[in-house]
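Bear in mind the structure is a predicted one, so any value in this text is a computation, not a measurement. Atoms within a ligand are numbered from 1 in the order they appear, just like the ligands themselves.
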Amino acid sequence: MARPANLPVPTGTVSGPRAALKSPAEVRAAWRDAFRRVRAETEARAAHLSAEDQIVQSMADASPTKWHRAHVTWFFEQFLLVPHDPDYTVFDERFPFLFNSYYVAAGPRHARPQRGLITRPNGADVAGYREYVDAAVERLIANVPDADAARVFSILEIGLHHEQQHQELLLTDILHAFAQNPTDPAYDVNWQPPRAPQGPSDFVDVPAGIMTIGHDGDGFCFDNEIPLHDQLIPEVRIARHLVTNAEWLAFMRAGGYATPSLWLSDGWAVVQAEGWHAPGYWRQQDDAWFLMTLGGLKAVDPAAPVVHVSYYEADAFARFAGKHLPGEAEWEVAVRAGLLADAFGIAWQWTCSAYLPYPGYRAAEGALGEYNGKFMVNQMVLRGSSLATPEGHARASYRNFFCPPARWQFSGLRLAAFD
Ligand SMILES: [Fe+2]
């Protein structure tokens with residue numbers, strides 16, 4: 001039997017290329033497999049960490065590994081199982097309060113900065129929660145009536161992409177915790193940085209004119225990537241490559257962190273308040289610079305792209321270089337034209353675009369409508385993906401966003417120029 005035209009199938013980020021699925025049974029099996037793959041990846045990332053590692057919270061913006069593992073599980077329980085499985089019983093009535101992140105419509109929640117104080121439930125309890133919800137989700141995938149399958153699979157898909165986002169945060173948050181430890185622990189002693197593509201470090205012309213921006217409807221996207229809309233792209237050039245550590249060291253040696261004229265007012269205030277004089281996790285020992293990585297403390301590689309810079313630093317560097325940060329639409333047109341050598345898999349790239357709704361954007365009704373829309377103020381868009389992004393999670397239209405001072409993500413930059 002042919003698959004109903006409106007029945008979603010796992011695509012892109014979760015399952016690889018869109019499968020040619022013929023029957024509802026094949027569709028259900030594909031969702032089950034996608035669910036298992038994503039859930040297993042979370043556990044694989046957490047497996048490098050001890051029970052003690054998994055409860056630490058080193059700052060308000062970062063969350064403990066144990067919390068991430070439980071929160072993504074709560075997401076499936078709250079938005080998939082409770083509304084769509086009449087036989088489902090919540091695992092523990094106390095968990096929604098502990099593991100709801102920011103969904104006001106889903107009920108009251110524990111204070112984010114105090115997630116690290118929660119030693120109980122312990123790690124084994126959270127593992128049991130995951131197993132319980134895993135089994136319930138697999139039962140729902142197998143048994144949901146055909147009439148409800150499209151809605152159930154669409155929420156399942158959001159849950160899988162949501163869990164992938166937390167897989168990245170799991171790494172960036174534990175790196176921040178380990179960076180506070182004077183013994184420089186490694187998340188994975190065998191970790192190696194991604195290889196940045198080599199090639200000419202020139203600037204190339206971005207196709208100019210009225211261009212269509214946003215997700216094109218093939219496969220999953222978050223609601224902030226639509227509607228498709230037209231934007232005028234000016235005549236501008238964009239760098240094929242990311243800014244390197246060598247270029248950043250030149251900025252530092254030229255007094256970049258001590259020259260207020262290079263900085264936005266808010267950025268200069270943060271430089272002063274935080275005593276910034278190098279990217280995040282950089283440490284100077286004698287005359288050499290080292291960087292805290294997922295593999296522990298490593299010498300800064302001059303040829304590698306710079307990471308752990310804030311929007312304020314990226315903006316100051318661009319001004320120092322006589323260039324600017326590309327707008328997110330310019331970046332998207334450039335990557336679709338195949339102009340960027342290292343768009344994905346190394347460092348998220350700050351753009352000069354404020355995180356705003358696309359024309360005609362409407363958040364979904366209910367608690368899931370809080371996923372993206374309510375954060376569309378006071379944040380800047382980053383494009384691409386990073387070394388911590390799960391395989392296949394990102395795409396040309398993907399919009400990441402963080403506040404301008406944030407630099408605990410793997411965030412870097414590429415330049416653009418009007419000349
Ligand atoms: Fe979340």
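- Legend: protein N/O/S atoms lying under 2.8 Å from the Fe ion (ligand 1), waters omitted, number 3.
- Between the CG atom of Leu368 and the CD atom of Glu370 there is a distance of 9.0 Å, given to the nearest 0.5 Å.
- Partners of Phe290 under the ring-ring contact (aromatic ring centres under 6.0 Å, His included) rule, at least two apart in sequence or in another chain, do not exist in this structure.
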Name each donor-acceptor pair under 3.5 Å that joins a side chain in residues 115-123 to protein atoms two or more places apart or in another chain, with its distance.
unit_1: Arg115; atom_1: NH1; unit_2: Ser63; atom_2: OG; d: 2.7
unit_1: Asn122; atom_1: OD1; unit_2: Ala124; atom_2: N; d: 3.0
unit_1: Asn122; atom_1: OD1; unit_2: Asp125; atom_2: N; d: 2.8

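- In this pair, His393 and His161 present their aromatic rings tilted. The plane angle is within the 30 to 60° band.
- The aromatic rings of Phe410 and His308 lie tilted to each other, with the angle between the two planes from 30° to 60°.
- Applying the ring-ring contact (aromatic ring centres under 6.0 Å, His included) test to Tyr187 and every residue at least two apart in sequence or in another chain returns His48.
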